[in-house]
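Quick notes on the structure that follows.
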Amino acid sequence: MQTFQSLLAKKLSDALRAAGLPAAAGELTPASDPRFGDYQTNAALVLAKQRGENPRVLAAKIVAQIEAGDLCESPAVAGAGFINFTLRPGAVAEKTMELSRGGRLGVAEVKSSRRIVIDFGSPNVAKPMHVGHIRSTVLGDALARIAQFLGHEVIRDNHLGDWGTQFGMVIYGWKNLLDRQALQRNLLAEIVRIYKETNQQAASDPKIREACRQELIKLQADDRENVDIWKQCVAFSMQDFERVYKLLDVHYDLQCGESFYHDRLPDVVERLLKSGVGEISEGAVVVFFRDNPELADKPLIVRKRDGGFNYATTDLATVDYRINDLKADAIWYVVGAPQILHFRQIFDIARREGYTADLRHITFGSILGEDRKLMKTRSGENVPLRDLLEEACKRARKIIEEKNPHLSEDEKTDIAQKIGIGAVKYADLSQYRMTDYVFSWDKMLSLQGNTAPYLQNAYVRIRSIFRKAGESAIATPLWDVDTQADHEETGHRPVATTLTLADSAEINLAKRMCQFAEIVPQVLNDFRPNILANYLFEVANSFHTFYEACPVLKSEEPARSSRLILCDLAARVLKQGLDLLGIKVPEKM
RNA sequence: GUGCCUGUAGCUCAACUGGAUAGAGCUUCUGACUUCGGAUCAGAAGGUUGGGGGUUCGAAUCCCUCCAGGCACGCCA
């Protein structure tokens, strides 16, 4: 299905060609202000600049060639030379019906589907997940959902930190500090405790530091006892992660942690040495970037002087695996901004090795405390993620108890989870990923304003209308079987086959929903789910305005059926849009 | 020291990547409930986009230069 934007863009390029002008000039975008109509183009301004002509005269020339009477009123020249398009309500009604009948709400699948590995989450074993993991996990999951919906083949990979120096300390702690009873009470908590304590001791005592190093070397040499301890730690941590993922409704296709690549590291270094990309420097194997001015003075060590490998080596092996074995066309790393330099180096090496896959480092800002200082991962008191999520559900439940006490216990639990988790996710996804995130319980869990509960509430209100409508038995769905199954719970359907849009609130709502198909693909341009979140907020807003201005069930035909169609479509846009963000909608709240 | 990121209303954030008079939410103030769920709606107030230059028809956005904060820069991950 074509969007208004793409249809009008076609009309514009036809007109440009007819006027003897370059057909690809300028852009056709949604209007910056409702006063300017629905869409605008700056084509005349761009061309006038190139050719040294008067932009308004040129705009008039273009307008004379535009044949879009089926879609909009006659285009108007305005301002410095903009051309504005205002959609005809009839065209909007037609398009809205088209959306209503289709299963994808107008969103086209991409022409060329790619296989995309998305690397996100990546918690460290032997450490609990904390607030710092929210962004990568929630952002990565949302991008995966959107890419998949657009027709890409997505592989979600959890690159667990399950191998590395910290295991020297964990194993030393296990052997010397472990409290078996505490371990039985709470597996991960005890592992975290011994890790922290060892870390502290090692900081002040070189002998313990050395002992930890020895344990690490034994682990890497496949010492049976140490491998056994390591495996137990990984298993305990995974149990803890799984609980969080269940709460968050996040799923992985692969969980290839760092240990998965352990055996492949020597080959990576050998290959780099053989090809000349890597060289020996001060006893270590190092890659230099002499041709790249930005990296020229920033070499990367891939094998330490003592023969050990580091995480750069692991990441290179990971690139190999994902491209050669998984056949990835693209790899998206949803990893915090501090690792920008690291990934530039990795990507540069991958290019030098001849890989052409599309490698992207999708960065995001830090999580700050109320004092606006960085929340540190290693030491200090981090809020465990599970506690945070449970607290969110608890607070949501308290509000539900106040607002809707007659719901059953099961319903309350279910709704509290959808609202609490949704609120946390939305707080994160609704803002630009690069800006730092100020962590605040109140902000995250506030159920007012531009928040998930506001959107969920719009959905719930629509569902309520249809429950009421069901009593007067509106039936006979006009949607096809697939769509119906997808939307089964809606139950009763409007019967009208045409829309009559009269009130401005109706027209605005309908136009808004026609934009869904324009917004969703845009998210992947720069990996910004916040534009989808902002759009959904506008949908909810438009719906609430419509809801106040236009009675649905009490109105006369044909407005009644027409409005039911709008309601149904708004519900589906909200549900689908929130689903793409990984947020669920309740039927009541 | 070098490089990267960030700086927008009192607060939290947008601005479709160079477009028109910089928009929302929270807060404050004024209105609208025998309601299709008020977790709502309508309206008002709130700005030298960190400062200063420059580029052009047009700048929060691009360039230069300061200021502030953060992050990263060979054997941690």
Side-chain angles (χ1 to χ4, degrees), chain A residues 5 26-27 29-33 35-36 40 42 45-46 48-49 54-55 78-82 84 124 161 163-166 258 281-286 294-295 297-306 308 310-312 314-315 336-342 344 363 365-366 368 372-374 377-378 399-400 402-404 419 427 430-432 434-438 440 442-443 446-451 453-454 456-458 460-469 518-519 522 525-526 528 530-531 533-535 537-538 541 544-545 547-555 563 567 588-589:
Chain A
Q5 192 168 13
E27 287 178 321
T29 59
S32 57
D33 189 299
R35 282 170 306 142
F36 304 137
Q40 64 182 47
N42 60 355
L45 290 162
V46 173
K49 188 174 199 168
N54 182 320
F82 292 95
N84 294 332
N124 287 320
W163 195 255
T165 320
Q166 78 263 32
E258 291 168 352
S281 166
E282 297 174 34
V285 178
V286 180
E294 283 178 14
L295 299 177
D297 58 341
K298 296 178 171 43
L300 181 70
I301 290 174
V302 295
R303 194 177 71 197
K304 299 188 283 186
R305 194 167 8 186
D306 67 4
N310 50 27
Y311 84 128
T314 305
D315 277 349
Q339 298 201 36
I340 284 178
L341 174 60
H342 169 71
R344 271 195 198 155
T363 60
S366 315
L368 308 179
R372 294 203 71 98
K373 282 187 179 168
L374 191 68
T377 316
R378 301 200 183 275
I399 296 167
I400 294 163
E402 287 167 18
K403 300 274 180 187
N404 225 340
I419 292 177
S430 61
Q431 61 187 271
Y432 178 48
M434 281 307 293
T435 52
D436 285 346
Y437 188 98
V438 177
S440 148
D442 290 341
K443 172 77 181 162
S446 163
L447 304 182
Q448 275 163 19
N450 185 7
T451 62
Y454 174 82
Q456 288 165 324
N457 181 51
V460 164
R461 282 179 143 190
I462 300 172
R463 299 294 305 117
S464 177
I465 291 174
F466 278 97
R467 276 195 298 275
K468 275 234 163 65
E518 296 169 6
I519 295 289
Q522 230 177 52
N525 287 349
D526 194 31
R528 291 164 71 153
N530 69 309
I531 68 176
N534 292 340
Y535 164 77
F537 176 67
E538 285 168 355
N541 217 349
H544 277 130
T545 302
Y547 182 90
E548 296 284 333
C550 304
V552 178
L553 297 177
K554 290 174 187 164
S555 61
R563 287 172 181 177
C567 285
K588 301 174 185 171
M589 63 194 279

### Query
What nucleotide, of G37(B), A14(B), C41(B), holds the atom closest to the side chain of Thr435(A)?
A14(B)
### Message
Looking at A42(B), I'd like to know if its phosphate oxygens (OP1 or OP2) sit under 4.0 Å from a side-chain N or O belonging to Thr545(A).
### Response
yes
### Aromatic stack Tyr547(A)/C36(B): centroid gap under 5.5 Å, interplanar angle under 30°
yes
### Heavy-atom closest pair, residues Ile465(A) and Cys567(A)
CD1-SG, 4.1 Å
### Message
Among G19(B), A77(B), U21(B), which nucleotide has an atom closest to any side-chain atom of Arg35(A)?
### Response
U21(B)
### Query
Parallel under 30°, tilted from 30 to 60°, perpendicular over 60°: which one fits the rings of His342(A) and Tyr311(A)?
parallel
### Task
Choose from A39(B), A14(B), A77(B) the nucleotide whose nearest atom is closest to any side-chain atom of Glu258(A).
A77(B)
### Task
Would you mind telling me which of G19(B), G74(B), A14(B) lies closest to the side-chain atoms of Ile301(A)?
G74(B)
### Query
Between G37(B) and Lys468(A), is there an OP1 or OP2 to side-chain N/O distance shorter than 4.0 Å?
yes
### Task
Give Pro30(A) one of three labels, base, sugar-phosphate or nothing, depending on what nucleic acid heavy atoms sit under 4.0 Å from its own.
base
### Task
Can you figure out which of A14(B), A39(B), G37(B) approaches the side chain of Asn404(A) most closely?
G37(B)
### Task
Measure from the side-chain heavy atoms of Asn457(A) and tell me the nearest of U40(B), A77(B), C36(B).
U40(B)
### Query
Distance check: side-chain N/O of Lys298(A) vs OP1/OP2 of C73(B), anything under 4.0 Å?
no
### Message
Using a 5.5 Å cut-off between ring centres and planes within 30 degrees, is Phe82(A) stacked on the base of G19(B)?
### Response
no
### Message
From the set C76(B), G74(B), C41(B), return the single nucleotide nearest to any side-chain atom of Thr165(A).
### Response
C76(B)
#### Entry: Ring-on-base stacking A20(B) with Phe36(A) (under 5.5 Å, under 30°)
yes
### Message
Taking only side-chain N and O atoms of Tyr454(A), does any of them lie within less than 4.0 angstrom of OP1 or OP2 on C41(B)?
### Response
yes
### Message
Just confirming the chi classification of U17(B), syn or anti, using 90° around 0 as the syn window.
### Response
syn
### Summary
pair_partner(U6(B)), Watson-Crick or wobble, both distances < 3.5 Å, evaluates to A68(B)
### Message
Between G58(B) and Lys49(A), counting only base atoms on the nucleotide and side-chain atoms on the residue, is there a donor-acceptor pair under 3.5 Å?
### Response
yes
## Note on the structure
From the candidates A14(B), C4(B), C73(B), the one with an atom nearest any side-chain atom of Arg344(A) is C4(B)
### Task
Look at the side chain of Arg305(A) and decide which nucleotide, out of U40(B), C16(B), C75(B), has an atom nearest to it.
C75(B)
### Task
Confirm from the modelled atom types if Asn84(A) and A20(B) form a donor-acceptor pair under 3.5 Å, side chain to base only.
yes
### Query
Below 3.5 Å, does any donor atom in the side chain of Gln166(A) face an acceptor in the base of A77(B), or the other way round?
no
### Query
When you measure from the side chain of Pro299(A), which nucleotide among C73(B), A39(B), G74(B) comes out closest?
G74(B)
